[in-house]
**Q** 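Once you've had a glance at the structure underneath, I'll fire off some questions.
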Amino acid sequence: MIKNVTVTNWSGSVLWLKINLVWLCFIITVAQASTQLATDLKVLTSPEHAGRGSGDIEMNASARYIHARFTEAGLETYYQSFRFRQGLGKLGYGHNVVATLPCNVQVCDKSLVISAHYDHLGSRGSRYYPGANDNASGVVVMLDIAQRLATQQRHREIIFVATDAEEKGLYGAHFFAATLNSDQVALNINLDMLAVSGKNRLYVLASKQANAFTQAIGPAFDNQIRAFIYTSAASMARRLDTPRVDWLRASDHYAFHKVGIPFAYFGIGIDPFHHTHKDQFDKVDLPKLAQVSEHINAFISALSVAAAP
């Protein structure tokens, strides 16, 4: 009798220990991600990056920083420069940063393209627009996901593109999307404004053609951060009470949609600090942003990471 009780207690203790070790590992992972996210976010919103304005012929500090971060993670990385018209016939220049993780198993499926625009409004006089949520948040999550996936076996090529000149007309995304063979791309996952508020909600607008992939979103999320999925921009606008916003054309996913690539766009919807000087580093809840990255990474991993043999 005593022996049975002892064994039962020991088994229960082992189970308790295993559960707590798993939970501790999760906390450590989130904490590590949060630290790197904080570093990247702090840099991209710093005065040295001056609001990440676009249009100059020279690549700015933000493009160079993102290139360096992708390269450090072991991705093949390059700049993709382009020109665009910006008001009264003036010629502007943009610089996408593109990084690739190849499929590293024998049988490969179609590619995924992960996009997040890094440009913002730049500066006006002596003041600059930090653009912490719009869209440094999307960029730092993309960098985090790239670093995580770099160590995995992948049955898809994963292409990451930090686009430029989104604020001026989605120019970087349109230029990049035009270079793709749409038949070889399974899905675009566009990340734009991921700094969740107290409601802990993300909204996902997905094309109907992406249905086979978006079914994996639900299992990748939980009650801590909830994902609400829409296949209609009008339905999403009604839910968010934003009748003047066309969510289909609101960010870079539209460029991929235009060339026939299915998409899933992740964002928080409306931010009261959007396009103001108050969109600052200290307004971002970093632990929540780390959770967002964890969940989106789980979704992308479900679509791309090869099962262990």
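Below, all heavy atoms of this structure are taken into account, side chains as well, without hydrogens, waters or symmetry copies.
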**Q** Linking I/L/V/M/F/W/Y whenever their side-chain heavy atoms sit closer than 4.5 Å, directly or via other members, would Val284 and Tyr118 fall into one cluster?
**A** yes

**Q** Side-chain donor-acceptor pair under 3.5 Å between Tyr65 and Asp40, yes or no?
**A** yes

**Q** Is there a donor-acceptor contact under 3.5 Å from the side chain of Asn96 to the main chain of Val98?
**A** no

**Q** Apply the test side chain to side chain contact (heavy atoms under 4.5 Å, CB included) to residues Ser54 and Lys168: give CA-CA distance (whole Å), side-chain angles for both, the deciding distance (0.1 Å), then the verdict.
**A** CA-CA 8 Å; Ser54 62; Lys168 295 184 176 180; 3.6 Å; yes

**Q** Considering all heavy atoms of both residues, which atom of Phe299 and which atom of Ala220 are nearest to each other, and what is their separation?
**A** N-CB, 3.5 Å

**Q** Are Ile158 and Tyr265 joined in one hydrophobic group, where the rule is that I, L, V, M, F, W and Y side chains link up if heavy atoms are under 4.5 Å apart?
**A** no

**Q** Kindly compute the distance separating CG (Asp144) from CG (Leu289), expressed to the nearest 0.5 Å.
**A** 8.5 Å

**Q** Decide if atom CD of Glu76 counts as having more than 12 heavy atoms of other residues, nucleotides or ligands within a radius under 6.0 Å.
**A** no

**Q** Between Ala227 and Val204, which heavy-atom pair has the shortest distance, and what is it?
**A** CB-CG2, 4.3 Å

**Q** Kindly say whether Glu58 contributes a backbone atom to a donor-acceptor pair with the side chain of Asp56 at under 3.5 angstrom?
**A** no

**Q** Is Thr179 close to Gln80 at the side-chain level, that is, under 4.5 Å between some pair of heavy atoms?
**A** yes

**Q** Does any pair with a residue in residues 223-245 pass ring-ring contact (aromatic ring centres under 6.0 Å, His included), and if so which ones, sequence neighbours excluded?
**A** Tyr203-Phe228

**Q** Could you pull out the closest heavy-atom pair between Gly53 and Asn60, with the gap in Å?
**A** O-ND2, 3.2 Å

**Q** Could you tell me if the side chain of Arg52 sits less than 4.5 Å from the side chain of Asp164, heavy atoms only?
**A** no

**Q** For His95 and Ser81, indicate whether the former's side chain and the latter's backbone hold a donor-acceptor pair under 3.5 Å.
**A** no

**Q** With a 4.5 Å cut-off on side-chain heavy-atom distances among I, L, V, M, F, W and Y, is there a chain of contacts connecting Tyr93 to Val97?
**A** no

**Q** Does Ile217 form a side chain to side chain contact (heavy atoms under 4.5 Å, CB included) with His295? I'd like the steps, not just the answer.
**A** CA-CA 9 Å; Ile217 293 176; His295 293 311; over 6 Å; no

**Q** Carefully, step by step, assess Thr214 and Asn211 under the rule side chain to side chain contact (heavy atoms under 4.5 Å, CB included).
**A** CA-CA 5 Å; Thr214 55; Asn211 183 59; 4.1 Å; yes

**Q** Is the count of non-hydrogen atoms from other residues, nucleotides or ligands lying under 6.0 Å from Lys258 atom NZ greater than 12?
**A** no

**Q** Given the rule that I, L, V, M, F, W and Y join up when any side-chain heavy atoms are under 4.5 Å apart, are Phe70 and Ile296 in one cluster?
**A** yes

**Q** Arg83 side chain to Leu91 main-chain N or O, any donor-acceptor pair under 3.5 Å?
**A** no

**Q** OG1 of Thr163 to CZ of Phe175: how many Å apart, nearest 0.5 Å?
**A** 13.0 Å

**Q** Taking the side chain from Ser207 and the backbone from Phe263, do they hold a donor-acceptor pair closer than 3.5 Å?
**A** yes

**Q** Any donor-acceptor pair under 3.5 Å linking the side-chain atoms of Ser115 with those of Asp252?
**A** no

**Q** Do the side chains of His67 and Arg64 get nearer than 4.5 Å, heavy atoms only?
**A** no

**Q** Check whether His253 reaches the backbone of Trp247 with its side chain - one donor and one acceptor, N or O, closer than 3.5 Å.
**A** yes

**Q** If you measure from CZ on Arg156 to CD on Gln184, what distance do you get to the nearest 0.5 Å?
**A** 11.5 Å

**Q** Can you check side chain to side chain donor-acceptor pair (under 3.5 Å) on His275 and Glu167, steps first, answer last?
**A** CA-CA 10 Å; His275 285 188; Glu167 299 286 3; 3.0 Å; yes

**Q** Quick check: do Tyr129 and Asp279 have side-chain heavy atoms less than 4.5 Å from each other?
**A** no

**Q** Within the distance-only criterion (no hydrogens, no angle test), does the side chain of Asn133 pair as donor or acceptor with the backbone N or O of Ala195 below 3.5 angstrom?
**A** yes

**Q** Check whether Arg239 reaches the backbone of Ala234 with its side chain - one donor and one acceptor, N or O, closer than 3.5 Å.
**A** no

**Q** So, for Ala146 and Leu101, which heavy atoms are closest and what is the spacing to 0.1 Å?
**A** O-CD1, 3.9 Å

**Q** Find out whether Asp285 and Val196 are in side-chain contact, i.e. whether some heavy atom of one side chain is under 4.5 Å from a heavy atom of the other.
**A** no

**Q** If every non-hydrogen atom of Ala255 is compared with every non-hydrogen atom of Ala177, which pair is closest and at what distance?
**A** O-CB, 3.8 Å

**Q** Any chance you could measure Gln209, atom CD, to Ile261, atom CD1, to the nearest 0.5 Å?
**A** 11.5 Å

**Q** Where is the tightest heavy-atom contact between Pro130 and His120, given as atom of each residue plus distance?
**A** C-CD2, 4.2 Å

**Q** To the nearest 0.5 Å, what is the distance between CD1 on Ile189 and CZ on Phe160?
**A** 9.0 Å

**Q** Are Met193 and Ile66 joined in one hydrophobic group, where the rule is that I, L, V, M, F, W and Y side chains link up if heavy atoms are under 4.5 Å apart?
**A** yes

**Q** Looking at Asn188 and Ile114, would you say the former's side chain and the latter's main chain have a donor-acceptor pair under 3.5 Å?
**A** no

**Q** Between Lys288 and Gln224, is any pair of side-chain heavy atoms under 4.5 Å apart?
**A** no

**Q** Let me see the working for Glu294 and Arg148 under side chain to side chain contact (heavy atoms under 4.5 Å, CB included), right down to the final yes or no.
**A** CA-CA 10 Å; Glu294 191 82 24; Arg148 292 167 183 261; 3.1 Å; yes

**Q** Is there a side-chain contact between Val259 and Leu180 (heavy atoms, below 4.5 Å)?
**A** no

**Q** In Å, rounded to the nearest 0.5 Å, how long is the span from CD1 of Ile159 to CZ of Phe176?
**A** 5.0 Å

**Q** Quick one: does any side-chain atom of Asp192 pair with a main-chain N or O of Asn135 as donor and acceptor, under 3.5 Å?
**A** no

**Q** Answer whether the closest heavy-atom distance between the side chains of Lys208 and Pro262 falls below 4.5 Å.
**A** no

